[in-house]
Amino acid sequence: MQRVAQSGLEISRSLPVSQLPGYKQGWFSVQDAAAQLAAPLLMDALLRTDKPLRILDACAAPGGKTTHLLEWAGTRGIAVEVTALDVDAQRCERINENLQRLGLQAKIVVADAAKVSEWHDNQPFDGILLDAPCTASGIVRRHPDIPWLRRDTDIANLAAQQKRLLHALWPLVKPGGALLYCTCSIFKAEGSAQIEAFLNSFAGNNTLVQSLPAPGHLLPLNCPSNQSMPENSLGGHDGFFYALLRKAATD
Ligand SMILES: C[S@@+](CC[C@H](N)C(=O)[O-])C[C@H]1O[C@@H](n2cnc3c(N)ncnc32)[C@H](O)[C@@H]1O
């Protein structure tokens with residue numbers, strides 16, 4: 001067993017997670033080292049007030065990042081109200097299972113995140129995590145069937161969905177709040193190009209959105225310790241993309 005990332009342990013032998021001592025009791029979760037960056041990136045960008053921070057996890061199922069966000073805030077004494085939304089009702093049951101196993105609480109909503117009028121209560125969010133549906137090209141090392149399941153048109157179709165979600169959710173961010181966009185993809189169309197196009201859509205008004213420091217494209221790695229990663233001790237990890245956007249306080 002070795003330490004990986006900020007709060008991970010990698011075990012040397014693979015076995016069903018439910019066989020590990022403490023899993024059912026909620027002592028830990030299984031999460032890739034690159035995915036573990038989401039909670040600290042978003043939480044560190046949020047301006048603290050005396051009110052609980054309202055956070056939306058817009059594509060939340062099965063809840064890996066939702067539960068990490070809640071744990072991250074909880075261990076630092078930061079009050080949060082998290083809405084975990086996903087379009088897939090069956091996958092939302094997995095969010096509920098994970099919350100229960102870990103003894104955490106969030107409001108679960110089954111909806112298309114982009115159809116805002118169907119689910120939103122008109123209260124803006126301090127922070128939004130958009131872990132958008134993608135080609136999953138960054139997790140091929142764990143799912144080697146992915147390249148065989150993809151069609152030529154998938155990148156463009158998924159990039160269009162990501163764009164639709166980004167544009168629909170941005171108005172829900174409070175002035176001064178932040179949106180963390182991520183995908184487990186190595187393709188620029190689902191990462192840097194997507195965000196560049198989003199920022200360009202503010203042409204003439206680019207003071208409304210500020211791009212904050214974030215890892216950008218992370219290529220999948222199997223080496224034990226990669227010093228170029230944001231976390232020095234981040235070991236082997238999936239391919240990922242992160243962009244962090246702040247909404248101007250006067251918007
Ligand atoms: C990459 S997975 C999310 C993984 C999750 N954030 C985690 O860390 O466990 C993408 C999710 O987006 C959901 N999704 C796809 N289109 C959506 C939409 N229009 N609105 C809400 N959720 C959507 C899918 O059902 C899927 O669960």
Side-chain angles (χ1 to χ4, degrees), residues 5 7-8 17 26 28-43 55-73 82-102 104 106-120 125 127-140 142-143 146 149-150 154-172 179-187 189-191 194 215 218 220 237-244:
S7 50
V17 66
F28 61 89
S29 294
V30 178
Q31 191 178 36
D32 179 76
Q36 286 177 35
L37 297 175
L41 272 169
L42 180 62
M43 291 303 299
I55 298 176
L56 170 69
D57 187 351
C59 292
K65 297 185 189 66
T66 312
T67 52
H68 191 207
L69 269 168
L70 285 160
E71 286 171 332
W72 201 96
V82 174
T83 301
L85 184 146
D86 203 282
V87 74
D88 185 325
Q90 265 187 339
R91 283 171 65 84
C92 279
E93 283 170 25
R94 300 271 316 280
I95 307 178
N96 193 29
E97 282 163 23
N98 278 318
L99 288 168
Q100 289 201 358
R101 184 178 64 80
L102 295 161
L104 299 167
K107 179 178 169 190
I108 299 176
V109 177
V110 181
D112 177 343
K115 294 186 178 164
V116 169
S117 62
E118 293 180 8
W119 62 268
H120 187 230
F125 293 97
I128 295 184
L129 170 60
L130 173 53
D131 184 13
C134 70
T135 54
S137 54
I139 59 171
V140 170
R142 289 190 288 118
H143 298 279
I146 286 174
L149 299 173
R150 291 286 167 256
D154 283 357
I155 300 180
N157 286 341
L158 285 156
Q161 282 188 52
Q162 293 150 11
K163 178 180 176 187
R164 173 175 159 262
L165 286 161
L166 254 175
H167 284 268
L169 294 172
W170 181 250
L172 276 48
L179 182 148
L180 180 66
Y181 170 85
C182 61
T183 55
C184 58
S185 171
I186 56 168
F187 297 136
E190 302 182 278
Q194 182 71 258
L218 300 171
H237 57 78
D238 289 341
F240 241 85
F241 174 81
Y242 282 107
L244 185 58

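Whatever order the structure lists ligands and atoms in, that order sets their numbers, starting from 1.
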re atom 4 (C) of ligand 1, the protein heavy-atom contact at minimum distance is Ala61 O, 3.1 Å

Ala111 touching ligand 1 at heavy-atom level, < 4.0 angstrom: yes

Suppose we measure from atom 10 (C) of ligand 1 to each protein heavy atom; which comes out shortest, and what is that distance? Asp131 O, 3.6 Å

If you have a sec, work out which protein heavy atom is nearest atom 25 (O) of ligand 1 and how many Å separate them, to one decimal? Asp86 OD1, 2.6 Å

Quick check on Ala114 - does any of its heavy atoms sit under 4.0 Å from an atom of ligand 1? no

For Pro62, atoms of ligand 1 separated by under 4.0 Å from a heavy atom: 9 (O)

Closest to atom 9 (O) of ligand 1 by heavy-atom distance, out of Ala136, Ala132, Ser185, Gly64, is Gly64

Students should be able to answer this: which protein heavy-atom is nearest to atom 22 (N) of ligand 1, and at what distance? Val87 N, 3.2 Å

Is Arg94 salt-bridged to Asp86, cutoff N-O under 4.0 Å? no

Rounded to the nearest 0.5 Å, what's the gap from CG on Leu70 to CD1 on Ile55? Could you check? 8.0 Å

Per-atom contacts, ligand 1 versus Pro133 - under 4.0 Å to a heavy atom: 15 (C), 16 (N)

Going by heavy atoms, is Ala35 under 4.0 Å from ligand 1? no

Distance-only donor-acceptor check, side chains Glu190 and Thr135, under 3.5 Å: yes

If the threshold is 4.0 Å, N to carboxylate O, is there a salt bridge linking Arg142 and Asp238? yes

Ala58: numbered ligand 1 atoms lying under 4.0 Å from its heavy atoms: 21 (C), 22 (N)

